[in-house]
Protein chains: 2
Amino acid sequence: MKKQERQNIIRQLLADHEIKKQEDFVNLLKEKGVDVTQATVSRDMSEMQLLKVPAQNGGYRYSMPPQKTLNASRKLQQTISDSFVSMRTQDNFIFIKVIPGSGPVVANLLEQMAFPEVFGTLGDDSSVLVICTAETAREQLETKINQMLQFN
Amino acid sequence: MKKQERQNIIRQLLADHEIKKQEDFVNLLKEKGVDVTQATVSRDMSEMQLLKVPAQNGGYRYSMPPQKTLNASRKLQQTISDSFVSMRTQDNFIFIKVIPGSGPVVANLLEQMAFPEVFGTLGDDSSVLVICTAETAREQLETKINQMLQFN
DNA sequence: CTTGAATAATAATTCAAA
DNA sequence: TTTGAATTATTATTCAAG
């Protein structure tokens, strides 16, 4: 198992679980057949710049880095607001209609964001298909997209 | 010294210093005449939802929470892009000219962002004055504003 | 309700090894 | 270069007290 594969799995785990400490990652990885120690997870966190953030209820959880994707985020917000036509969802999928020509840009920006919910994206001239990692992930991403559209 | 005063000071300290651990706060607070222990700082961090983020160079630093201000951030980015005319700076001050009518909105949004660099803002019809906590803080904020303007 | 002292829990790093 | 074991450093929490 290579480091990068493990880090991909960590990203997925983050999308589907409330991770409160590094040992949670150790255990979840073990379930997936990946045997590593807390030390390794700590290094992964550092490399991936994952954050331990104080939650509202007083606990803690790990989360994706925010700044790294902020510029892509702004571009995406703007682009998707400008080009959005409609959105449909089903299972793991989000299907977005955009004005002709914008499909590839939006799909690319969605990729760049490296949302943990996103398994992959595909954009043709006027459509974007987003394949999510799970149905719950799809719901989360749907919410995010709706939030983006709120600010035109 | 009330808790809230201390937390305000912590916000300021965050703007001017590279804080790597909670004890740094303890020491800097001591310099300011505020005597507290790491335990108290830990509680403050939790309440303020301050983050310990892995830095690029491999170290760690504390930082303001990102999500909380994300919507204001989008609005600000958009509004400032749309209304920006010019910007001048001096000492702790940033003086932004905007198209008539936009001053108060931009000033308000800047407030809402709760940037640690910002001491206060003032907006008239077509101008926004931002008073920063320090000259270094002003430089940092200037950079942020320039980044916002990059995406029109 | 807030705090410090002490402690427990968690995370980062060192060091040897492969 | 990457890792685990052990260690150290750091952070969170408990518990008693103001």
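Side chains included, hydrogens not; waters and symmetry mates left out as well; all remaining heavy atoms used. Per chain, numbering begins at 1; letters A, B, ... match sequence-line order. All values reported here derive from a predicted model rather than from experimental measurement.
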Next on the checklist: Tell me if the CD atom of B/Gln7 is crowded by more than 12 foreign heavy atoms within 6.0 Å.
Outcome noted: yes

Next on the checklist: Using whole Å, what does the distance between atom P of nucleotide D/dT10 and atom CG of B/Leu50 come to?
Outcome noted: 18 Å

Checklist entry - Do A/Lys52 and A/Gln22 come close enough that some side-chain heavy atom pair is under 4.5 Å? => result no

Checklist entry - For A/Glu23 and D/dA5, what is the distance between atoms CD and P respectively, to the nearest whole Å? => result 13 Å

Item to check | Whole-Å distance separating the CD atom of B/Glu47 from the C1' atom of D/dT11 | outcome: 15 Å

Item to check | Nearest-nucleotide 5' precedence on DNA chain C, B/Tyr60 against B/Asp35 | outcome: B/Asp35

Next on the checklist: Using the side-chain heavy atoms of A/Val36, tell me which of these nucleotides is nearest: D/dT13, D/dG4, C/dT10.
Outcome noted: D/dG4

Checklist entry - Whole Å only: how far is the NZ atom of A/Lys52 from the P atom of C/dA9? => result 13 Å

Next on the checklist: What I'd like to find out is whether the side chain of A/Phe93 reaches to under 4.5 Å of the side chain of A/Ile131, using heavy atoms alone.
Outcome noted: yes

Checklist outcome for this item: B/Lys21 atom NZ is separated from C/dA12 atom C1', nearest whole Å, by 12 Å

Item to check | Exam field: side chain A/Glu18 to backbone A/Arg61, donor-acceptor pair closer than 3.5 Å | outcome: no

Checklist entry - A/Gln7 CD to D/dT2 C1': how many Å, rounded? => result 11 Å

Strictly under 3.5 Å: I want the nitrogen or oxygen pairs between protein and nucleotides 16-18 of chain C, one per line.
none

Item to check | B/Ser81 side chain to B/Gln77 side chain, donor-acceptor N/O pair below 3.5 angstrom | outcome: yes

Next on the checklist: Any side-chain N or O of A/Arg6 below 4.0 angstrom from OP1/OP2 of D/dT2?
Outcome noted: no

Checklist outcome for this item: From the list B/Ile19, B/Leu29, B/Val41, B/Leu13, side chain to side chain contact (heavy atoms under 4.5 Å, CB included) with B/Asp24 holds only for B/Ile19

Next on the checklist: Base, sugar-phosphate or nothing for A/Tyr62? Non-hydrogen atoms, less than 4.0 Å.
Outcome noted: sugar-phosphate

Checklist entry - Checking all strands, does B/Asp24 fall into the base, sugar-phosphate, or nothing category for heavy-atom contacts under 4.0 angstrom? => result nothing

Next on the checklist: With a 4.5 Å cut-off on side-chain heavy atoms, are B/Glu5 and B/Val34 touching?
Outcome noted: no

Next on the checklist: Is it true that, when you exclude B/Tyr60 itself, more than 12 heavy atoms of the residues, nucleotides or ligands shown sit nearer than 6.0 Å to its OH?
Outcome noted: yes

Next on the checklist: Can you see if the side chain of B/Lys3 gets near the phosphate of C/dC1 - specifically, an N or O under 4.0 Å from OP1 or OP2?
Outcome noted: no

Checklist entry - How many Å lie between CZ on B/Phe25 and P on D/dT11, as a whole number? => result 10 Å

Next on the checklist: Tell me the interatomic distance from B/Gln22, atom CD, to C/dA11, atom P, rounded to whole angstroms.
Outcome noted: 13 Å

Checklist entry - Listed in order of residue number, which residues of residues 37-46 of chain B have a non-hydrogen atom at under 4.0 Å from DNA chain D? => result B/Gln38, B/Ala39, B/Ser42, B/Arg43

Item to check | Contact check, side chains of B/Met87 and B/Ile94, non-hydrogen atoms, under 4.5 Å | outcome: yes

